[in-house]
Peer 1: 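One structure is given below, represented as structure tokens, and several questions about it will come after.
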Amino acid sequence: MPQSAVFPGSFDPITLGHTDIVERASKIFDKVYVAIGQNTTKTTLFPFGKRMEIVSKVFVNIPGVEVLSYEGLTVEICRKLGAKYVVRGLRSGTDFDYERNIALMNSKLYPDIETVFFISNPDYAGISSTIVREIYKFGGDISNFVPDIVSDYIGKMDRAVY
Ligand code: ADP
């Protein structure tokens with residue numbers, strides 16, 4: 001039976017840390033759904049539609065990767081898609097403490113779900129969307145941390161609107 005996994009996140013913006021996890025997961029699972037959460041209360045740098053467009057472009061040539069949006073609980077989108085695995089990335093002990101609780105809660109909500117953790121590639125372990133947004137805000141160069149599509153798009157944005 002084909003095995004599917006969901007990689008949920010805000011991807012505001014998508015970084016090289018995220019793309020590394022998706023590429024690695026796509027070698028293990030038949031299908032990886034990159035699920036962009038719409039229910040965040042956070043103010044985002046990228047509007048939702050733009051995140052969808054960019055993330056879809058980033059993975060267009062990776063077989064078995066599909067980008068979609070979702071609202072509500074991650075376990076519900078897994079149930080709908082028939083995916084038994086949630087993929088998450090671990091950069092540090094702080095990530096572990098946070099992710100462990102979410103994984104435990106998700107397995108209570110949906111016992112068939114297994115969360116699979118990928119240890120961050122050391123080259124990308126310092127990258128977070130939050131820091132990328134901060135660098136952008138202060139006019140720094142983000143191109144070493146994000147896919148080219150993101151740098152190209154961000155270069156055209158009006159920084160004053162952020
Ligand atoms: P969320 O809003 O759910 O935290 P993010 O888009 O920030 O979503 O992150 C989604 C997932 O990607 C999380 O599991 C996070 O730990 C992981 N992740 C983020 N940045 C990196 C990175 N540099 N290396 C590995 N995993 C990462």
Side-chain angles (χ1 to χ4, degrees), residues 4-71 74 77-78 83 85-103 106 115-162:
S4 308
V6 171
F7 183 47
S10 314
F11 307 108
D12 184 43
I14 187 160
T15 69
L16 295 179
H18 294 126
T19 55
D20 180 62
I21 301 290
V22 173
E23 281 164 18
R24 287 160 61 195
S26 73
K27 291 179 189 149
I28 294 172
F29 298 103
D30 301 293
K31 186 104 194 169
V32 177
Y33 295 101
V34 179
I36 308 181
Q38 274 204 74
N39 54 342
T40 175
T41 48
K42 300 175 207 163
T43 308
T44 56
L45 172 58
F46 287 91
F48 173 74
K50 192 44 79 176
R51 277 182 281 147
M52 267 303 282
E53 185 190 321
I54 289 173
V55 177
S56 302
K57 278 188 190 158
V58 167
F59 296 117
V60 73
N61 290 322
I62 305 192
V65 176
E66 194 176 312
V67 178
L68 50 87
S69 69
Y70 78 110
E71 275 181 287
T74 300
I77 185 72
C78 291
Y85 301 95
V86 174
V87 164
R88 297 292 283 178
L90 291 181
R91 287 162 290 192
S92 62
T94 310
D95 270 359
F96 173 76
D97 288 341
Y98 174 74
E99 297 289 346
R100 175 178 178 273
N101 289 339
I102 295 178
N106 281 344
T115 303
V116 179
F117 295 105
F118 286 74
I119 301 292
S120 182
N121 179 325
D123 291 342
Y124 306 134
I127 303 176
S128 73
S129 298
T130 308
I131 296 174
V132 168
R133 289 196 301 273
E134 283 296 297
I135 294 170
Y136 167 75
K137 196 171 148 183
F138 294 111
D141 178 10
I142 62 162
S143 59
N144 285 330
F145 314 123
V146 296
D148 290 345
I149 295 167
V150 177
S151 324
D152 292 348
Y153 176 74
I154 226 160
K156 293 179 201 135
M157 275 172 69
D158 176 3
R159 187 165 284 110
V161 302
Y162 180 58

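All values below come from the heavy atoms of this structure, side chains included, with hydrogens, waters and symmetry mates left out.
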Peer 1: Kindly write out the residues that satisfy side chain to side chain donor-acceptor pair (under 3.5 Å) with Ser151, not counting sequence neighbours, or none if the list is empty.
Peer 2: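 Counting only residues at least two positions away or on another chain, Ser151 forms no side chain to side chain donor-acceptor pair (under 3.5 Å).
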
Peer 1: Of the non-hydrogen atoms in Val67 and Ile36, which two are nearest, and what is the gap between them?
Peer 2: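 Distance-wise, the nearest heavy atoms are CG1-CD1, 3.9 Å.
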
Peer 1: Looking at Tyr33 and Ser4, what are the two nearest heavy atoms and their distance?
Peer 2: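 That closest heavy-atom pairing would be CE1-CB, 3.9 Å.
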
Peer 1: So, do Phe145 and Ile131 sit near enough that their side-chain heavy atoms are less than 4.5 Å apart?
Peer 2: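 A side-chain contact under 4.5 Å is absent here.
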
Peer 1: Looking only at heavy atoms, which two atoms of Pro8 and Tyr70 are closest? And how far apart?
Peer 2: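 Heavy atoms of Pro8 and Tyr70 come nearest at CB-OH, 3.5 Å.
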
Peer 1: Taking the side chain as C-beta and beyond, is there a heavy-atom pair between Val87 and Val32 under 4.5 Å?
Peer 2: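 No, side chains not in contact.
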
Peer 1: Counting only N and O atoms by type, is there a donor-acceptor contact under 3.5 Å from the side chain of Arg133 to the main-chain atoms of Ser128?
Peer 2: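 Checking the backbone N and O of Ser128 against the side chain of Arg133, no donor-acceptor pair under 3.5 Å is found.
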
Peer 1: Tell me every residue that passes salt bridge (Lys or Arg N to Asp or Glu O under 4.0 Å) with Arg24, counting only those two or more places apart in sequence or in another chain.
Peer 2: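 Testing Arg24 for salt bridge (Lys or Arg N to Asp or Glu O under 4.0 Å), a comparison that skips the adjacent residues, returns Asp20.
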
Peer 1: Spell out, as yes or no, whether a donor-acceptor pair under 3.5 Å connects the side chain of Ser129 to the backbone of Pro13.
Peer 2: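 Pair found, side chain donor or acceptor close to backbone of Pro13.
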
Peer 1: For Lys31, is the NZ atom crowded, meaning more than 12 foreign heavy atoms sit under 6.0 Å from it?
Peer 2: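 Buried by this count: over 12 neighbours within 6.0 Å.
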
Peer 1: Which of parallel (below 30°), tilted (30 to 60°) and perpendicular (above 60°) describes Phe29 and Tyr85?
Peer 2: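 Phe29 and Tyr85: tilted rings.
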
Peer 1: State, with a plain yes or no, whether a side-chain heavy atom of Pro147 is found less than 4.5 Å away from one of Ile14.
Peer 2: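 Contact flag for Pro147/Ile14 side chains = yes.
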
Peer 1: To check you understand the geometry: which heavy-atom pair defines the closest contact between Tyr136 and Ile142, and what is its length?
Peer 2: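 Tyr136 and Ile142 have their closest heavy atoms at N-CG2, 4.0 Å.
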
Peer 1: Looking only at non-hydrogen atoms, find the nearest pair between Val132 and Thr15 and report the distance.
Peer 2: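 So the two residues come closest at CG2-CG2, 4.2 Å.
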
Peer 1: Would you say the rings of Tyr153 and Phe46 are close, in the sense that their centroids are separated by under 6.0 Å?
Peer 2: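 Yes.
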
Peer 1: Looking at OG of Ser26 and CD of Glu66, how far apart are the two atoms once the value is rounded to the nearest 0.5 Å?
Peer 2: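 One finds 13.5 Å between OG of Ser26 and CD of Glu66.
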
Peer 1: Not counting sequence neighbours, which residues clear side chain to side chain donor-acceptor pair (under 3.5 Å) with Glu23? List them please.
Peer 2: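 So Glu23 forms no side chain to side chain donor-acceptor pair (under 3.5 Å) with any residue.
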
Peer 1: Looking at side-chain heavy atoms only, is the closest gap between Ile77 and Leu68 below 4.5 Å?
Peer 2: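 Yes; the side chains approach each other to less than 4.5 Å.
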
Peer 1: Hey, what do you get for OG1 (Thr115) to CZ (Arg100), rounding to the nearest 0.5 Å?
Peer 2: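 If I round to the nearest 0.5 Å, the distance is 12.5 Å.
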
Peer 1: Please give me the minimum heavy-atom distance between Arg51 and Phe11, naming the atom from each residue.
Peer 2: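 Nearest heavy atoms, Arg51 then Phe11: CD-O, 3.2 Å.
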
